[in-house]
Participant: 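Next up is a structure, given as structure tokens.
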Amino acid sequence: MNPLIILGATGSIGRQAFDVASRLDIPVAGIAARRGSDELYERAVAHPDARVAVAAPTGAERERFGRLGRRVAFGAEAVAELARVPGVTVLNGVVGAAGLPASIAALEAGNRLALANKESLVTAGPLVIEAKDRGGGELIPVDSEHSALFQCLVGEPSESVRRLILTASGGPLRGKSRTEVEQAGPAEVLAHPTWSMGPRITVDSATLVNKGFEVIEAHHLFGIPYERIDVVVHPQSIVHSLVEFVDGSVKAQLGEPDMRVPIQYAITYPDRVEAPVAGLDLPTLEFTPRDPAITPAFDLVVEAGRRGGAAPIAVNAADEVAVRAFLDGRIGLFGIVSVLEGVLRRIDDREINSVSDVLDVDREARTLAMQEAGLAC
Ligand code: MG
């Protein structure tokens with residue numbers, strides 16, 4: 001197996017990737033994080049052959065890491081540089097639009113990209129796919145839903161696919177009335193029943209904004225038109241997604257919710273190897289349609305995906321601002337919807353040809369979102 005480069009090494013996906021690498025005896029050839037924390041330093045010491053990149057170090061961190069010698073580099077460009085090391089698998093667990101340059105770099109260099117950074121495909125799907133085609137890299141998703149779709153599609157030509165069906169747990173607001181959702185505060189929303197995740201993605205799971213992003217990602221990853229991608233609510237989070245084929249057959253991928261499985265599969269594909277994950281005690285599996293009355297933000301996000309260009313970048317940036325405003329108690333859940341709506345109405349359509357185009361729209365949309373959320377800027 002190729003050596004592994006772990007980007008976002010101190011985040012939840014990064015930590016689990018170290019776990020997978022040590023269990024499978026895969027050499028770690030590089031590690032990167034935004035900040036030079038103690039945790040990153042310990043990883044660097046534990047992997048004396050790994051190159052290290054720190055995207056935005058403080059002065060003190062720069063000094064401390066500098067003493068590790070010439071294998072350390074600083075700045076955002078150093079992270080993309082790591083992704084270009086030939087003959088490696090790049091696990092991109094960076095959070096936010098900062099992960100995009102490394103995704104493009106890895107694919108252009110012909111590497112395998114195990115992709116956990118959502119923003120890469122949400123904000124710049126066409127650029128990422130072009131980089132893959134140009135460089136001949138492999139793009140293997142790590143998100144549980146997309147890994148499931150990928151696994152169901154192994155050996156199946158794309159013409160045989162009728163539709164993709166992504167599952168959504170529905171989060172803590174499933175089955176609630178519109179009024180209850182309107183009044184739900186941060187504490188209630190942050191109590192996610194099946195997956196434990198960071199605060200933004202937990203809010204995004206409740207509003208189904210996250211599922212909207214996943215529809216956009218699936219569209220780019222598998223080249224399936226939006227009208228053939230559906231979402232179904234499945235509270236147990238055991239069926240990670242399904243593919244329906246032209247002959248009416250449906251394949252699904254099931255398993256306990258444990259991110260080490262999709263991380264490991266993206267690294268070992270096409271092989272499957274042992275993992276310390278228990279088999280399934282098949283529980284009762286429920287599937288219900290999404291309730292559009294309590295998840296209007298989902299429709300806005302998918303619509304932004306269809307519009308393409310600046311719209312998906314803008315909706316992603318706007319959502320980040322809106323979720324922060326929600327967590328600060330400044331707006332309610334439907335306030336998030338108004339912010340997204342306002343920003344999508346005001347952002348100018350344009351072609352996106354580079355990472356800097358993406359970042360321009362991102363900045364613009366954040367300013368608009370602050371205004372829409374009634375925050376000073
Ligand atoms: Mg997911």
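Values below: every heavy atom of this structure, side chains too, minus hydrogens, waters and symmetry copies. When a ligand or atom number is given, it counts from 1 through the structure's own listing order.
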Participant: Donor-acceptor pair, N117 side chain versus N92 backbone, under 3.5 Å?
Facilitator: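 Side chain of N117 to backbone of N92: no pair is present.
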
Participant: By atom name, which N, O or S atom belonging to E214 lies closest to the Mg ion (ligand 1)?
Facilitator: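 Within E214, restricted to N, O or S, the Mg ion (ligand 1) is closest to atom OE2.
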
Participant: Output yes when a side-chain donor or acceptor of T10 lies under 3.5 Å from a complementary backbone atom of L40, and no otherwise.
Facilitator: no

Participant: Cation-pi check, R260 to Y265: give yes when NZ or CZ is under 6.0 Å from the six-membered ring centre and within 45° of the ring axis, no otherwise.
Facilitator: no

Participant: Short question: side chain of H219, backbone of I224 - any donor-acceptor pair under 3.5 Å?
Facilitator: yes

Participant: In D143, which N, O or S atom comes closest to the Mg ion (ligand 1)?
Facilitator: OD1

Participant: By atom name, which N, O or S atom belonging to E145 lies closest to the Mg ion (ligand 1)?
Facilitator: OE1

